[in-house]
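As structure tokens, the structure follows; a few thoughts come after it.
Read the numbers this way: they start at 1 and go in the same order the structure lists the ligands and their atoms.
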Amino acid sequence: MLSRRNMLAGTALALSMSLGGTAIAEETFVTIGTGGQTGVYYQVGGAICRLVNRGSKDHEIKCTHTTGGSVANINGIRTGDLDLGVAQSDWQYHAYNGTAPDKFPDGKFEDLRAVFSVHPEPFTVVARADSGINSIDDLKGKRVNIGNPGSGQRGTMEVLMDKMGWTMDDFTLASELKSSEQAAALCDNKVDAIVFTVGHPNGSIKEATTSCESKLISVDNDAAKGLANDNDFYAMATIPGGMYAGTDDDVTTFGVGATFVSSSNTPDEVVYEITKAVFENFDRFKKMHPAFANLKEENMIKNNLSAPLHDGAAKYYKERGWM
Ligand code: GLU
């Protein structure tokens, strides 16, 4: 123990000398809010933590991650339970602007800060092949998993339903399973369809399309197109045909972008080191999940970010000459 402490003290000293006093002298534990284990957020959070933890001997930051989903992540950052988190662009916008009081009851979250954006997340609907569902309108009268409260897809599903003039009574069952549970529920015939706002390809939709006969459903009605037209944080999106068993043609839907967010109360040094860990290891980061394959640095520092940039992230982007 003693030698470990001495070693840490020595490292911290060396670091504070090398960074001119801006170093984090003690071990700092950072928690990142992500999503269900079979989605992409969990992998993003894990990938970022692995990159950060590789450099722990230099910056003394240790990183772990949790599984709540967009809305839970933003609320967790607000209460201080989480330091950073992944969140859909729609929920980042609404949290910062105070425009979704049912999700963020404390009003505008003015301390919310954007760090960078990550992958696109098409709003994805998978239906059992025997369900008779061929379009989003066919969900009426069916058993649908609308997602756990706190998840981004639950919120975005409610927005879409609202736009379509639907309520929960339009389903024979509206279940609230977590994303990690819904593929099994679909294939056990407990529900006819599941929804997930998620990057592709991912484990959850793979499981749902390989464990039983099912297919992806287009979400391209007037409601979806209206949402994409009227809001910068939504856009129409395509899930390529052939990516999943049972769906050979491209699927058109609307979608959001996944973003990485924090709070102005999370120290600049912490956000700086995490941002740096990602961008200094960018090729490695992109290989950590197939949904990251097309990421480009110049887009990540501006697309889908409606809250102001965190000062720690901006410091790194300026150092790189990107701002
Ligand atoms: N977009 C989902 C959410 O906000 C999570 C997606 C994922 O787990 O990759 O809850």
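- For atom 4 (O) of ligand 1, the nearest non-hydrogen atom of the protein is S70 OG, 2.5 Å.
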Under 3.5 Å, sequence neighbours excluded: what are the donor-acceptor pairs made by side chains of residues 228-239?
from	atom 1	to	atom 2	distance (Å)
N231	ND2	L227	O	3.0
Y234	OH	D90	OD2	3.2

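- When only interatomic distances are considered, the shortest N/O to N/O separation between Y41 and ligand 1 falls below 3.5 Å.
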Query raised in the report: N75 and K103: side-chain hydrogen bond (donor to acceptor under 3.5 Å, both in side chains), yes or no, with the steps?
Result: CA-CA 9 Å; N75 282 319; K103 300 287 176 297; over 6 Å; no
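- For ligand 1, the atoms lying closer than 4.0 Å to a non-hydrogen atom of T197 are 1 (N), 2 (C), 5 (C), 6 (C).
- When heavy-atom distances to ligand 1 are checked against a 4.0 Å cut-off, F196 comes that close only through its side chain, counted from C-beta outward.
- Between the side chain of Q92 and the backbone N or O of S306, at least one donor-acceptor pair lies under 3.5 Å.
- With hydrogens and angles ignored, the 3.5 Å screen pairs a side-chain donor or acceptor of T34 with a backbone N or O of T66.
- Which parts of ligand 1 touch G69 is read off a 4.0 Å heavy-atom cut-off, strictly below it: atoms 10 (O).
- Q43 places a side-chain N or O within 3.5 Å of a backbone atom of Q37 that can act as its donor or acceptor partner.
- Contacts between Q43 and ligand 1 below 4.0 angstrom, taking non-hydrogen atoms only, are absent altogether.
- Below 4.0 Å from some heavy atom of G152 lie the following atoms of ligand 1, by number and element: 3 (C), 4 (O), 10 (O).
- Taking every non-hydrogen atom of S151 and a distance limit under 4.0 Å, the qualifying atoms of ligand 1 come out as 10 (O).
- Geometrically, ligand 1 and V40 share a nitrogen or oxygen pair separated by less than 3.5 Å.
- The shortest N or O to N or O distance between Q88 and ligand 1 is under 3.5 Å.
- Remark: ligand 1 atoms within the under-4.0 Å shell around heavy atoms of Q153 are 2 (C), 3 (C), 10 (O).
- For the residue pair T156/Q88, the side-chain donor-acceptor check at 3.5 Å is satisfied.
- With hydrogens and angles disregarded, a donor-acceptor distance shorter than 3.5 Å links the side chain of T247 to the backbone of L216.
- For the residue pair H200 and Y244, a side-chain donor N or O sits within less than 3.5 Å of a side-chain acceptor on the partner.
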